[in-house]
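In what follows, a structure is listed as structure tokens, so that the remarks can point back to it.
Each chain gets a letter, A, B and so on, in the order its sequence line appears, and its residues count up from 1. Everything numeric here is computed off the predicted structure, so don't read it as measured data.
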There are 2 protein chains.
Amino acid sequence: MPPHLKNAENASRVLAQVRQLIESGGVAADGKLPTERELSIQLDVGRRALRRALDALEAEGLIWRRQGKGTFVGEPPDPTGRLAAEIGVNADALSVMEARLCIEPELAALCAIRAKPDDIARMRFLVERIDQSSDADAAELWDGSLHRLIARAAGNPILMAAFALVDEVRSSQLWQDERDRARSPRLREIYTQQHQLIVTTIADGNADAARAAMREHLTHLSRNLQAVRETDQT
Amino acid sequence: MPPHLKNAENASRVLAQVRQLIESGGVAADGKLPTERELSIQLDVGRRALRRALDALEAEGLIWRRQGKGTFVGEPPDPTGRLAAEIGVNADALSVMEARLCIEPELAALCAIRAKPDDIARMRFLVERIDQSSDADAAELWDGSLHRLIARAAGNPILMAAFALVDEVRSSQLWQDERDRARSPRLREIYTQQHQLIVTTIADGNADAARAAMREHLTHLSRNLQAVRETDQT
DNA sequence: GCGTGAACCATTTAAAGATTGGTTCAATTT
DNA sequence: AAATTGAACCAATCTTTAAATGGTTCACGC
């Protein structure tokens, strides 16, 4: 047995052992695994080797670790999601639209100043994807991606976090999204043109035009939402 | 002296004494008042009577109290601020100003639509307090309270949370705040006028004017900040 | 050169005690 | 009789200290 093969075997053995532990229920109710020191004893392996296995599992997304806190199975808690859940109780669809109308035009304007050519190409691609999606779910997905890309390319971390918060609240209101998805072909055509205008104004580096185009788009969405709500109440 | 008049005098005396304390600077930099037990000794009044005065001041919105924590002057922090802090955005001062310029004019506009008479009275009071503060710490405290009140009175929980996010980042940049505090009397006068205009436009229910007034105020702040930064780099 | 175990470092948690506002109760004053 | 008062008790928060836990470094052995 050549040493480097023995080592490779050892590494994958540890990895398999940790996986087995996770799958067989060696996990507390809150998803907490035994400590590194405990695991290294339990699996009869050095802590350093264990850490390499845990590194791999963390890279894979199976676990998350926090210094001082421990090692946990699953996704790390999302502070934005928790904040969104807390305020979502008091927020209705109109509040969401109001917040979007506050934040997203400004994001579009900043994006027009800061977007890179790669960003613009990706936006064009996404507009195309939205247009060509045959079902509403897919269109919604690409639509969300476009708005997130604009928010990111705006290059302001606070506004990006604020956008993420609005997005989180919005995406947790599924019944509203279902109404949004009941779009007529005529509305889809309008939105495509609006998306194209937004991206064109951003590509032109015209912050004022980008702001206005995004505002127009969201105002249209908002009016559509209000019309649907009024129809539902009669 | 009829007995019931003596009692009424005592109650209003305590109330006036606490007000005086607040206005004369018996407040820590974070807005914290002495504890109830300290105040009752300091003002030579029973704690029960003092609490009645504090109850009144709290009802009036001048102070807020939290069991186990203390008694504070100004507008309470938004409950979602704790969660906002966990999101852990890092940003420089210009990003903070950029985010404020995005969010706060819109908050002012919504506030102009939704503020109640009590809110307006409180805003006027806060503007007065900012103006009359003899040190920069106190001015900063009242200034923060005014902006928080406007954000709250805007009545959109999502934007309130977004504001809390910005406020959290901003309040963690203490060295920046020290620069802000190096304000000339001329600048203070300008800011007072701007604050007054903001509140007047809100009281008039003029959303567009309120938005413009807040934008003007923050643009002024932003320029001042940039000027200070450029001076520091030479 | 690589892996290992030990030592050290940085962050979080837990526990205990202290602090602070909130409430109740009995005694006193009005 | 009603209101006030001071003391006692309760509930929430803070502070301090030590322990726990992941993160990193270092010296040694293979």
Exercise. Which of the following nucleotides, D:dG23, C:dG21, D:dT21, is nearest to the side chain of A:Arg47?
Worked result: D:dG23
Problem set entry | Point-to-point distance, once rounded to the nearest 0.5 Å, from CD of B:Glu60 to CZ of B:Arg122 | 9.0 Å
For this session: Fit a plane to each ring of B:Tyr191 and B:His217, take the angle between them on a 0 to 90° scale, and name the class: parallel (under 30°), tilted (30 to 60°) or perpendicular (over 60°).
Result: perpendicular
Exercise. Under 30°, 30 to 60°, or over 60°: which ring-plane class applies to B:Phe125 and B:Trp142, parallel, tilted or perpendicular?
Worked result: perpendicular
For this session: Find which nucleotide of DNA chain D each of B:Gly68 and A:Glu58 is nearest to by heavy atoms, and output the residue with the more 5' nucleotide.
Result: B:Gly68
Problem set entry | Nearest-Å distance for atom pair NZ/C1', residues B:Lys69 and D:dA11 | 16 Å
Exercise. Roughly how many Å is it from CD in A:Glu36 to C1' in D:dA20, rounded to a whole number?
Worked result: 12 Å
Exercise. A:Arg65 side chain N/O closer than 4.0 Å to the phosphate oxygens (OP1, OP2) of D:dG23?
Worked result: yes
For this session: Would you mind reading off the distance between A:Arg48 atom CZ and C:dC2 atom P, rounded to a whole angstrom?
Result: 13 Å
Problem set entry | A:Arg51 CZ - D:dC26 P separation (whole Å) | 16 Å
Seminar exercise, completed: Which of B:Leu141, B:Ile130, B:Ile198 passes side-chain contact (heavy atoms from CB on, under 4.5 Å) with B:Leu146? It is B:Ile130
Exercise. Can you tell me how far P of C:dT20 sits from CD of B:Gln42, to the nearest Å?
Worked result: 13 Å
For this session: Answer yes or no: side-chain N or O of B:Arg37 and base N or O of C:dG21 forming a donor-acceptor pair under 3.5 Å.
Result: yes
For this session: Send over the distance from A:Gln67 CD to C:dA10 P, rounded to a whole Å.
Result: 9 Å
Exercise. For the pair made of CZ in A:Arg52 and C1' in C:dT4, what is the distance, rounded to whole Å?
Worked result: 9 Å
Exercise. Are any of B:Thr71's side-chain N or O atoms less than 4.0 Å away from OP1 or OP2 of C:dG21?
Worked result: yes
For this session: Whole angstrom is fine here: how far is it from NZ in B:Lys32 over to P in D:dC14?
Result: 10 Å
